[in-house]
Amino acid sequence: MATAYEARLGLYIGGEWLAGAGRDTHDVLNPASGAGQGGLPLATPDDLDRALEATQRGFAKWSKTAPEQRAAVLNKTAALIRERADLLARLATLEEGKIQAEAKGEVLAAAALLDFHAGEAVRIYGRVLPRPSGTRSLVLHQPVGPVAAFCAWNFPVMNVVRKIAPAVAAGCSIIIKPSEETAGCAVEVLRCFQDAGLPGDVAQCVFGVPDMVSRQLLASPITKKLSFTGSVPVGKHLMKLAADTMMRTTMELGGHGPVLVFDDCDLDKTLDVLVTHKFRNAGQVCVAPTRFTVQEGIYDRFVAGFAERTRALKIGDGMDAASQMGPMANPRRPEAIAALVEDARAEGAKVLAGGERSGNAGFFFQPTVLADVPLSAKAMHEEPFGPLAMIRPFGTFDEAVAEANRLPFGLAAYCFTESGRRQNMLGDAIEAGMVAINTVRLSWPDSPFGGVKESGHGSEDGPEGIMAHMITKAVHIS
């Protein structure tokens, strides 16, 4: 029996849920079947104007709200997300395709992020500078103003929380435009904030034609900050729009995660961890390990072990408890991966696992392993964003670092070695906003999440995520 789609789709503007009357709609698809599940109303220009007016009113009030009250709303939202975890996880699978175990983990991680931001809301400290008696110099941190936030579809619960939580903690209001492809998750997260007592003017949720929405929100003098998670080309486009009003920006863009595997690693443990992490969410993760650069002494064993583990993975509907990898999120992704595999094969890469679409329904693509991939292959330069692992050998430490830093991306990197000295050297040498050594976990509530180079700037999560929503003001009193 098919699982029921329980999302209550709508726009949330000024504390009011708006349905599709008089608006165009978008059909939300089930990636496992390709079938439509529900019609999502899309915002009109008038809707966006009302959202901007509401968020301006919301900021005027929320910025003056006591930090303890802001923290209470965030804590209550976290509790409601945990209470509704099963619903949110089902929606994440039905809209994005990921398996239920991953979806439930995402929901709980979102709740933990809310807990952290609730604590930080009451710890936004300034400074008193030493001055002569009778004078004072103060450094204050104040909320930047209304935020326009744009979300990707790959973590439909976490991405929404990651945008709203730090803005609310800092005292900002926000208009969020999640992906239309995973709208139900965003709507239900907003309902958690609403039911937790967040005033209706503080957070708005709109959907629509992306270019129209972004141009209107970013052209408005009301909007004081842009927060974006998505591809590098779209991020560059949005930054150009934001430049006209000199608004603050946080950009979490694409990556092409290098993995450096040295011959002194614990090989079996490394393989077990990397194969699982590579094909998490069908590889549709901005920090996914992608380019595996393996020292020559263990290269053949690594390739054989990686391919064997990959071929054993069971792919299927994410609602099936036996599935280890679900479908890709939309019909564009299997086509893109197929083209990259075909190009790499033509350039001389060896296909050791997968390489083709799977089944006749939905958006499935087999987990794929390519070995001896030449640098001329497109996939060695373009972010695959799918279940595609590419493996090449290296000889020396310097060669490995050069390959890791070769591309203009710098989001996440992974290194596996038992040498403490080498671990310290890698932490310094790798050009990435996040480096994981002998682990694959990069996301923690108290740790900054973000990249360098063309992977963006600024940080989400941690105290840095809240400070990205603040302005710094110096006040001198005599």
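Computed from heavy atoms alone, side chains included, the values below leave out hydrogens, waters and symmetry copies.
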Visitor: Do R392's NZ or CZ and the ring of F292 fall within the cation-pi criteria of under 6.0 Å and 45°?
Guide: no
Visitor: Using the side chain to side chain contact (heavy atoms under 4.5 Å, CB included) definition, which of the options S443, C151, S227 pairs with R162?
Guide: S443
Visitor: Got a salt bridge between R90 and E95, using NZ or NE/NH1/NH2 to carboxylate O under 4.0 Å?
Guide: no
Visitor: Donor-acceptor pairs under 3.5 Å, side chain of residues 315-322 to any protein atom, not counting sequence neighbours: which ones?
Guide:
{"unit_1": "D317", "atom_1": "OD1", "unit_2": "M319", "atom_2": "N", "d": "2.9"}
{"unit_1": "D320", "atom_1": "OD1", "unit_2": "A322", "atom_2": "N", "d": "2.9"}

Visitor: If you look at every heavy atom in K278 and G386, which pair is closest and at what distance?
Guide: NZ-O, 3.5 Å
Visitor: Where do W153 and F385 land on the ring-ring contact (aromatic ring centres under 6.0 Å, His included) test, with the steps shown first?
Guide: CA-CA 12 Å; W153 42 258; F385 216 67; 5.6 Å; yes
Visitor: Restricting to pairs with a member in residues 302-312, which pass side chain to side chain donor-acceptor pair (under 3.5 Å), not counting sequence neighbours?
Guide: D272-R309
Visitor: Could you grab the distance from atom NZ of K236 to atom CG of L241, nearest 0.5 Å is fine?
Guide: 14.5 Å
Visitor: Between T182 and E96, is any side-chain donor less than 3.5 angstrom from a side-chain acceptor?
Guide: no
Visitor: Partners of E106 by salt bridge (Lys or Arg N to Asp or Glu O under 4.0 Å), sequence neighbours excluded?
Guide: K98
Visitor: Mind checking whether Y12 and W17 have parallel, tilted or perpendicular rings, split at 30° and 60°?
Guide: tilted
Visitor: Is any NZ, NE, NH1 or NH2 atom of the basic residue among D244 and R215 found under 4.0 Å from an Asp or Glu carboxylate oxygen of the other?
Guide: no
Visitor: Strictly by modelled atom types, are Q100 and T93 linked by a side-chain donor-acceptor pair under 3.5 Å?
Guide: yes
Visitor: Is the shortest distance from a Lys or Arg side-chain nitrogen in R280 or E102 to a carboxylate oxygen in the other one below 4.0 Å?
Guide: no
Visitor: For F416 and F302, I'd like to know if the aromatic rings sit close, meaning centre-to-centre distance below 6.0 Å.
Guide: no
Visitor: With no hydrogens and no angle check, just 3.5 Å: does a side-chain donor-acceptor pair link H457 and T249?
Guide: yes
Visitor: Verify whether one side chain among N154 and N281 offers a donor that lies under 3.5 Å from an acceptor in the other.
Guide: no
Visitor: Could you tell me whether D195 and R84 make a salt bridge, using a distance below 4.0 angstrom between a side-chain N and a carboxylate O?
Guide: yes
